[in-house]
Amino acid sequence: MGLEDQRFNVNLSILFTELPLLERPAAAAAAGFTAVELWWPWIDSPTPERSELDALRKAIEDAGVQLTGLNFYAGRLPGPDRGALSLPGAESERFRANIDVAADLAGSLGCKALNALYGNRVDGVDPAEQDALALENLVLAARAADRIGAILLIEALNRPESPRYPLVSAPAAVEVADRVDAASGLGNARFLMDLYHLSMNGEDLPSVIDRYASRTGHVQIADNPGRGAPGTGALPLADLLDRLRKAGYDGWVGLEYKPGDRPSAEAFDWLPR
């Protein structure tokens with residue numbers, strides 16, 4: 001088993017970013033990939049013009065790649081934000097305005113996974129108030145995902161890079177997914193297992209895999225330290241992905257790493273060919 005037996009897709013919001021958005025799907029296809037994923041591409045607009053949505057859809061279709069994952073609106077990402085759905089006021093409203101827009105775009109491309117980043121803690125706001133708002137919005141997102149036959153992903157980030165994000169462990173993210181399932185009755189909330197973030201938190205990755213593989217809807221990887229390509233750090237990613245397979249995970253593995261000081265097309269030399 002190992003790397004040879006994995007299904008890798010490339011995240012076009014961290015790789016190929018030296019190219020304009022609409023050129024990235026074709027670049028991924030030229031690099032040998034058949035599937036891509038994206039953070040919400042319009043960081044300033046949860047509801048972009050239809051012409052912009054149509055242009056991205058056409059670029060993906062023309063490239064012949066499958067969109068396998070899409071984030072809901074999450075604020076400035078990359079940047080200081082880590083989601084919008086738990087932030088009272090304007091950002092929560094922007095998230096709600098985005099829900100059907102993101103789901104419709106995903107559904108039109110056959111994408112079956114939508115990622116909802118939780119959002120940072122806010123000074124002066126009771127965390128319980130934020131958590132109640134988050135649950136309301138996540139249930140709305142779960143219903144939109146269900147409408148297109150998709151799952152809703154809940155991601156744990158890492159405390160060193162996201163100190164105000166409350167979901168900084170696998171158990172914390174899975175607990176939220178369980179609460180969403182209980183509140184929605186849909187059973188379509190899943191854990192997004194990002195091995196880079198979990199390793200940055202110092203979690204026991206083999207234990208996390210054994211405990212939560214059955215609750216995992218998507219996996220993302222980058223090496224640590226550095227968030228670079230596999231082999232640039234110290235994580236035994238081949239062994240970890242092998243363990244995931246043996247634990248029953250057979251979905252996509254998203255490549256969400258930095259290419260370093262080289263073009264993205266040259267950042268896949270670790271891949272079995």
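Since this is a predicted model, take the numbers as computed values, not measurements.
Among the candidates Val219, Asp250, Val208, the single residue satisfying the side-chain contact (heavy atoms from CB on, under 4.5 Å) test with Leu244 is Val219. Here the options are Phe95, Tyr118, Trp40, the test is ring-ring contact (aromatic ring centres under 6.0 Å, His included), and the partner is Phe72; only Phe95 passes. Only one option out of Gln220, Glu37, Gln66 pairs with Asn9 in a side chain to side chain donor-acceptor pair (under 3.5 Å); it is Glu37. The only option from Leu77, Leu114, Asn11 that meets the side-chain contact (heavy atoms from CB on, under 4.5 Å) definition with Asn71 turns out to be Leu77.
When hydrophobic residues (I, L, V, M, F, W, Y) are linked wherever their side-chain heavy atoms come within less than 4.5 Å, the members clustered with Leu153 are Ile151, Leu192.
Ion pairing between a basic and an acidic side chain is recognised when a charged N comes within 4.0 Å of a carboxylate O; Arg96 and Glu91 show no such pairing. A salt bridge is absent between Asp44 and Arg76: the closest approach of a Lys/Arg side-chain nitrogen to an acidic carboxylate oxygen does not fall below 4.0 angstrom. Using a 4.0 Å cut-off between charged side-chain N and carboxylate O, Arg57 and Glu61 make no salt bridge. Using a 4.0 Å cut-off between a side-chain N of Lys or Arg and a carboxylate O of Asp or Glu, Arg215 and Asp181 qualify as a salt bridge.
Here the side chain of Thr232 pairs a donor or acceptor atom with the backbone of Ala229 at under 3.5 angstrom. One N or O on the side chain of Arg24 and one on the backbone of Leu19 form a donor-acceptor pair closer than 3.5 Å. Side chain of Tyr257 to backbone of Gly260: no donor-acceptor contact under 3.5 angstrom is found. When atom types are taken as modelled, the side chain of Asn201 and the backbone of Leu157 share a donor-acceptor pair closer than 3.5 angstrom. With hydrogens and angles ignored, the 3.5 Å screen pairs no side-chain donor or acceptor of Arg227 with any backbone N or O of Asn224. A donor-acceptor contact shorter than 3.5 Å links the side chain of Ser199 to the backbone of Tyr196. Judged by distance alone, with hydrogens and angles left aside, the side-chain atoms of Ser162 form no donor-acceptor pair with the main-chain N or O of Arg159 at under 3.5 Å.
Judged purely by distance below 3.5 Å, without hydrogens or angles, the side chains of Asp131 and Ser86 never pair a donor atom with an acceptor atom.
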Point to revise | From CA spacing to verdict: side-chain contact (heavy atoms from CB on, under 4.5 Å), Arg245, Gln6 | key: CA-CA 8 Å; Arg245 271 296 182 92; Gln6 304 298 329; 3.5 Å; yes
Exercise for review: Check step by step if ring-ring contact (aromatic ring centres under 6.0 Å, His included) holds for Phe33 and Phe268.
Suggested key: CA-CA 10 Å; Phe33 292 96; Phe268 307 110; 4.8 Å; yes
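Between Thr216 and Arg190 the shortest side-chain heavy-atom distance does not fall below 4.5 Å.
Counting heavy-atom neighbours within 6.0 Å of Arg121 CZ, excluding the residue itself, gives a total above 12.
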